[in-house]
Amino acid sequence: MQIESRNANLLMVDDEPKNLVALEAVLEGVECNLIKAGSGVEALKHLLRHDFAAILLDVQMPDMDGFETAALIGAREKSRNTPIIFLTAASKGDKYVSTCYSVGAVDYILKPFDPDILKSKVKVFVDLFKKTEQLKRNQAALRESEARYRAVSELTSDYAYSLSVLPDGTLQCEWVTEAFSRITGFSLEEVAAGGGWASLVHPDDRATAERLWQSLRSAGSEVGEFRVVTKGGESRLVCDRGRPVWDESHGRVTRIYGAAQDITERRQAEEALERQALHDALTDLPNRTLLLDRLNQGILKADRDQRTLALLIMDLDRFKEVNDTLGHHTGDLLLQQVGQRLQAVLRASDTVARLGGDEFAMVLPDADVEGAIITAGKVLSALEEAVPLGDQKIAVGASIGIALYPEHGLDAATLLRHADVAMYTAKRATSGFAVYAADQDTHSTGRLALMGELRRAIDHNDLVLHYQPLVSFATARVVGMEALVRWQHPERGLIPPDQFIPMAEQTSLIFPLTSWVLHAALRQCQVWGERGLDIPVTVNLSARSLRDQHLVDAIATLMKRCNVAPDRLGVELTESAVMDDPTRAMKILTALRAMGIQIAIDDFGTGYSSLAYLNRLPVGELKIDKSFVMRMALDDNDAVIVRSTIELGHNLGLLVVAEGVEDVATWELLAALGCDLAQGYYMSRPLPVAEVERWLSESPWGLEQPVRVARGGNPRGRVDVPRPVPLASRRVRRTTLLTPEALAQKVEA
C-alpha cells in the first residue's frame with residue numbers, strides 16, 4: 001500500500017506584516033505550507049488546529065512577546081517538542097541567549113539574517129518532520145499488516161507435523177503436510193534418510209531448536225524461532241509451535257503435534273523498515289536517531305563501569321563550494337566516500353553516523369581525551385587525501401569537536417551541544433579539532449592567543465632544549481644526547497612539550513617548530529665539538545614532519561650551515577608515526593639514511609608495527625617504550641616483552657635502547673638481557689644545556705675524554721666504545737659490567 005506524504009506546516013510569527021512577507025519570500029521553494037500569525041495569541045490559535053515542523057518566532061511583540069508565547073507553546077503537551085527558532089534584532093548578550101534557550105528554543109538568528117542560513121535551517125526541520133510523519137505512517141501500516149497476518153495465521157499455518165518421541169528421546173517424523181515440501185524442498189522420506197528432523201535446522205540454530213524440543217518432551221508447550229536449510233541451500237526462518245501428548249500408560253510424552261510458519265519475509269520487512277528508520281539513506285550510516293540510542297547506551301555503560309566516553313562532531317570544510325560548483329550529485333558522492341573513510345578509521349566498537357548535510361558524529365566507547373585526540377588525528381589524516389570522483393579529485397578538510405563523558409556532560413543532549421560548540425571553535429581556529437572547555441569562548445580566545453605566542457616564541461628563540469644522556473651498557477658511559485624542547489614562557493614559566501606540541505601538530509606550526517629544534521640541536525652539537533666534546537644529538541620528529549616534502553633538504557641545509565657531519569645527528573620517530581603512512585616514511589627515512597643520519601624507532605611496543613616494514617626500514621635503533629621498562633622488575637609480562645624486543649632488535653641487526661631506566665635493579669636486568677643503551681632518571685633527568693658539561697665532568701656516567709661512539713649499526717667516525725657483540729657471547733660479557741657505584745669505587749681506588 002502506497003502512503004502519500006503530506007506537506008509540513010511552518011508557522012511564522014511577527015507583528016510586522018512586512019517581516020512576514022519578507023520571510024515568505026526567503027522561504028519560497030521550501031516544500032512546506034507557510035502559515036502566518038501577527039501575534040502570540042494568533043499563533044496559539046493556529047497550534048490548536050495544526051501540527052508544525054518548526055516555528056519562526058519574533059521576540060519583541062506587543063501584548064505577548066516571543067518569550068511568553070514560547071513558554072505557552074512548551075506548556076502544551078502536543079506542541080511541547082515543536083522546534084522554535086527566535087528571530088530577533090536584540091543584542092546577543094549571555095542573559096538574553098540564556099532566556100531564549102530556557103523557554104524551549106532550539107536556535108536563534110539575529111536580524112538582519114542571512115537568507116541562505118535561515119532557509120537551510122528551516123529545511124532541516126521540515127525534512128525531519130516529514131521523515132518522522134512518514135515513519136509513523138509506515139509503523140501504523142506495519143501494525144495493520146501484522147494484525148491481518150495474525151488473524152489469518154490463527155486459522156491456518158504454513159505446515160503442520162506430528163513427531164513420535166522414542167523411548168531414548170529421539171524425534172521421528174510421522175507425517176507432515178504438503179506445504180512442508182513446498183517450503184523446504186524435501187520430502188518426508190528424504191528427511192528420514194538424511195538424519196532426521198533435526199538435520200533440517202541451521203547449524204547455528206540447533207541449540208535453540210533442541211531447547212524447544214526438550215521442553216516439549218517434558219510436557220511443556222513452547223514457541224520458538226529458528227532457521228531451516230532448504231534443499232537448495234537457502235535459509236528460511238520459521239516460527240514453530242508445538243504441543244506435547246502425554247501417554248499415561250508410558251508415563252512420558254510419546255508424541256508432539258506442531259505447526260510451523262515461514263516468517264522469513266515478514267522478518268526481512270521488519271528489519272528493512274527498522275534499518276530505514278535508523279540509517280541515513282545516502283551513506284547507509286546510522287542516522288541521528290540511532291546515534292542518540294547508541295550514545296545513551298554508551299553513557300549508561302560508561303556510568304556502570306566507571307569509564308569515559310568520547311563524542312566527536314565533524315563538519316566538512318568547503319563542502320558548500322563542492323555543491324555549488326559541481327552540483328549536488330557530486331556532493332552526494334563525496335559524502336558517501338567520506339562515510340567509507342570514517343568507517344575504515346574507527347574501531348568496530350565505535351559508531352559513526354551522519355547527522356545531516358555534511359555533518360557527521362562519532363561515538364567512541366572507553367575513550368579518554370588522548371584516545372579521542374588520536375582518533376581525530378586519524379580522521380583528519382584520512383580526509384587529507386583527495387577523493388577521486390570520476391575524472392577529478394576533490395580535496396576537503398574537516399573540523400572536529402570533542403566532548404567527553406562525564407567531564408563535559410552527563411547526558412546525550414549536553415554532549416552533543418558541547419561537541420558542536422567545540423567543532424565550531426575548531427572551524428574558526430582552523431585547528432583541525434578542539435576539545436570542549438567549560439568556558440568555551442575564553443578557552444577559544446586563549447587557545448588562539450597561545451598559538452600566536454608559540455609562533456612568536458619560535459621566531460624570537462623563546463624555546464629551549466634540554467638534553468637527556470644515552471648511556472652504553474658495555475662501558476657505562478655516555479654515547480649521545482637526546483634533545484627535548486621546552487617553552488620558556490615569560491608569564492607561565494617553563495611549559496612542558498605535551499602542552500604545546502599536540503597543538504602545533506594540528507596546525508602548520510609543527511613545521512617551523514621542527515626546524516627550530518633541528519637548528520638548535522645541531523648548533524649545540526657544533527659548540528660541543530668546538531669545546532672537545534664530540535657527542536651525537538638526537539631529535540624527535542612528529543608524524544606530520546614526514547608529510548613535509550622539504551624535510552630532507554632542510555636538514556641537509558642546517559647540517560651544512562652548522563658544519564656538523566651527518567653521522568652526528570640522529571632522528572627518532574614513534575612506530576605509530578611510521579606506520580601511519582609506511583610508504584611515505586620509507587621514502588623520507590631512506591633519503592635521510594643515505595645522507596648518513598642515524599634513525600631510531602621510538603616508543604617501540606606501543607603501536608602496531610608490521611615486521612615486514614620494520615625489516616625494510618633503514619633504521620639502526622629500537623627504543624623500548626618506558627611503560628614496559630619501568631615495570632619489568634615487578635611484572636613478568638613486561639620483562640618478557642622487553643626481552644623479546646631486545647632479541648628481535650638484535651636479530652634484525654639493530655641496537656636496542658631502553659627508556660625509563662629508573663633504578664639499579666632495572667639497569668642490571670637490562671644488562672643481563674643484553675640491552676645496548678639506556679636512558680632514564682637513574683642516569684640523569686633531562687638537563688638544561690648549561691648543566692650538561694658539568695654533569696659530564698662530575699657524573700660517573702660522563703665522559704673521561706672526548707670519544708666518538710658507534711650507534712645505529714654503523715660507526716660515527718672512529719669507534720672507541722665497543723660495539724654490541726654477537727648474541728652468543730653477550731651474556732658472558734654482561735657479567736663484567738660495572739654499575740655506577742662500582743665504577744665510582746674503582747675511580748676512588
Side-chain angles (χ1 to χ4, degrees), residues 4-134 136 320 323-324 328 356-357 359 420:
E4 294 294 328
S5 174
R6 62 186 180 89
N7 269 348
N9 297 319
L10 180 71
L11 180 60
M12 304 179 299
V13 186
D14 199 304
D15 62 313
E16 290 289 339
K18 64 181 181 180
N19 290 343
L20 293 174
V21 173
L23 284 173
E24 188 173 25
V26 168
L27 298 176
E28 183 179 3
V30 178
E31 294 182 0
C32 65
N33 302 319
L34 300 177
I35 297 178
K36 295 178 283 188
S39 66
V41 173
E42 187 178 356
L44 295 175
K45 290 180 180 179
H46 283 303
L47 282 165
L48 295 175
R49 297 190 296 270
H50 305 289
D51 293 329
F52 292 94
I55 301 172
L56 302 181
L57 183 57
D58 185 28
V59 174
Q60 296 174 336
M61 296 185 296
D63 298 328
M64 182 188 297
D65 66 15
F67 295 148
E68 294 174 297
T69 304
L72 291 173
I73 292 172
R76 183 170 172 264
E77 181 65 28
K78 190 175 181 181
S79 60
R80 178 174 299 165
N81 296 320
T82 303
I84 298 174
I85 300 175
F86 278 120
L87 301 178
T88 176
S91 63
K92 185 182 176 183
D94 289 343
K95 184 176 180 180
Y96 190 90
V97 173
S98 176
T99 303
C100 288
Y101 286 123
S102 67
V103 296
V106 298
D107 204 351
Y108 66 91
I109 300 177
L110 295 175
K111 298 178 182 178
F113 51 80
D114 187 318
D116 290 336
I117 292 178
L118 177 62
K119 190 173 183 179
S120 64
K121 288 179 180 289
V122 168
K123 190 175 185 302
V124 168
F125 289 113
V126 168
D127 291 342
L128 179 61
F129 180 86
K130 290 181 178 179
K131 290 179 180 178
T132 303
E133 291 296 305
Q134 183 66 49
K136 290 179 181 177
K320 185 176 185 299
N323 269 343
D324 293 345
H328 290 281
E359 193 173 36
D420 200 53

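The analysis underlying the following values was restricted to heavy atoms, covering all of them including side chains, and did not include hydrogens, waters or symmetry mates. Small disclaimer: the values here were computed from a predicted structure and weren't measured.
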Peer 1: Could you tell me whether the side chain of Lys123 and the main chain of Glu31 form a donor-acceptor pair under 3.5 Å?
Peer 2: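 Checked: no pair found.
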Peer 1: Is the side chain of Asn9 donor-acceptor paired with the backbone N or O of Asp51 at a distance under 3.5 Å, no angle test?
Peer 2: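 Side chain of Asn9 to backbone of Asp51: a pair is present.
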Peer 1: Applying the side chain to side chain contact (heavy atoms under 4.5 Å, CB included) criterion to Ile35, which one of Leu10, Leu11, Ile55 satisfies it?
Peer 2: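 The side chain to side chain contact (heavy atoms under 4.5 Å, CB included) with Ile35 is passed solely by Leu11 among Leu10, Leu11, Ile55.
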Peer 1: Between the main-chain N or O of Leu44 and the side-chain N or O of Arg76, is there a donor-acceptor pair closer than 3.5 Å?
Peer 2: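 Such a contact is absent between Arg76 side chain and Leu44 backbone.
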Peer 1: Just wondering, more than 12 heavy atoms not from Lys121 lying within 6.0 Å of its NZ?
Peer 2: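 Count not over threshold, so no.
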Peer 1: Distance check, rounded to the nearest 0.5 Å: Thr82 atom OG1 versus Phe129 atom CZ?
Peer 2: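 Between atom OG1 of Thr82 and atom CZ of Phe129 there are 8.0 Å.
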Peer 1: Considering only heavy atoms from C-beta outward, does the side chain of Met12 approach that of Leu87 to under 4.5 Å?
Peer 2: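 Of all side-chain heavy-atom pairs linking Leu87 with Met12, none is under 4.5 Å.
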Peer 1: Suppose we screen for ring pair (Phe, Tyr, Trp, His ring centres under 6.0 Å). Which residues come up paired with Phe67, at least two apart in sequence or across chains?
Peer 2: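 Counting only residues at least two positions away or on another chain, Phe67 forms a ring pair (Phe, Tyr, Trp, His ring centres under 6.0 Å) with Phe86, Tyr96.
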Peer 1: Do you know the tightest heavy-atom contact between Val126 and Ala8?
Peer 2: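 Closest approach of Val126 to Ala8: CG1-CB, 4.1 Å.
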Peer 1: May I ask you to decide whether Arg80 forms a salt bridge with Glu77, counting only side-chain N to carboxylate O separations under 4.0 Å?
Peer 2: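 Between Glu77 and Arg80 there is a salt bridge, with a charged N closer than 4.0 Å to a carboxylate O.
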Peer 1: Report yes if the side chains of His46 and Val13 come closer than 4.5 Å at any heavy-atom pair, otherwise no.
Peer 2: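 His46 vs Val13: side chains apart.
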Peer 1: Do Asn33 and His50 pass the side chain to side chain contact (heavy atoms under 4.5 Å, CB included) test, and can you show the C-alpha distance, the side-chain angles, and the key distance before you say yes or no?
Peer 2: CA-CA 11 Å; Asn33 302 319; His50 305 289; over 6 Å; no
Peer 1: Would you say the side chain of Leu34 lies within less than 4.5 Å of the side chain of Leu20, judging by non-hydrogen atoms?
Peer 2: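 Of all side-chain heavy-atom pairs linking Leu34 with Leu20, none is under 4.5 Å.
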Peer 1: Do the non-hydrogen side-chain atoms of Leu47 and Ile73 ever get within less than 4.5 Å of each other?
Peer 2: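 Yes, their side chains come closer than 4.5 Å.
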Peer 1: Are the side chain of Ser39 and the backbone N or O of Glu42 linked by a donor-acceptor pair below 3.5 Å?
Peer 2: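 Here the side-chain-to-backbone pair exists.
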Peer 1: Taking side-chain hydrogen bond (donor to acceptor under 3.5 Å, both in side chains) as the definition, give me every residue that meets it alongside Asp14, ordered by chain and number, with sequence neighbours left out.
Peer 2: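 Asn19, Lys111.
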Peer 1: Go through Leu118 and Leu23 one step at a time and tell me if the side chain to side chain contact (heavy atoms under 4.5 Å, CB included) criterion holds.
Peer 2: CA-CA 9 Å; Leu118 177 62; Leu23 284 173; 3.6 Å; yes
Peer 1: Taking Glu68 for its side chain and Asp65 for its backbone only, find out whether a donor-acceptor pair lies under 3.5 Å.
Peer 2: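 Yes, Glu68 side chain to Asp65 backbone: donor-acceptor pair under 3.5 Å.
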Peer 1: If I compare all heavy atoms of Pro62 with all of Asp15, which pair ends up nearest, and what's the gap?
Peer 2: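 Nearest pair, atom of Pro62 first, then Asp15: CD-OD2, 3.4 Å.
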Peer 1: Is the shortest side-chain heavy-atom distance between Glu16 and Asp58 below 4.5 Å?
Peer 2: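 The answer is no; the side chains never approach within 4.5 Å.
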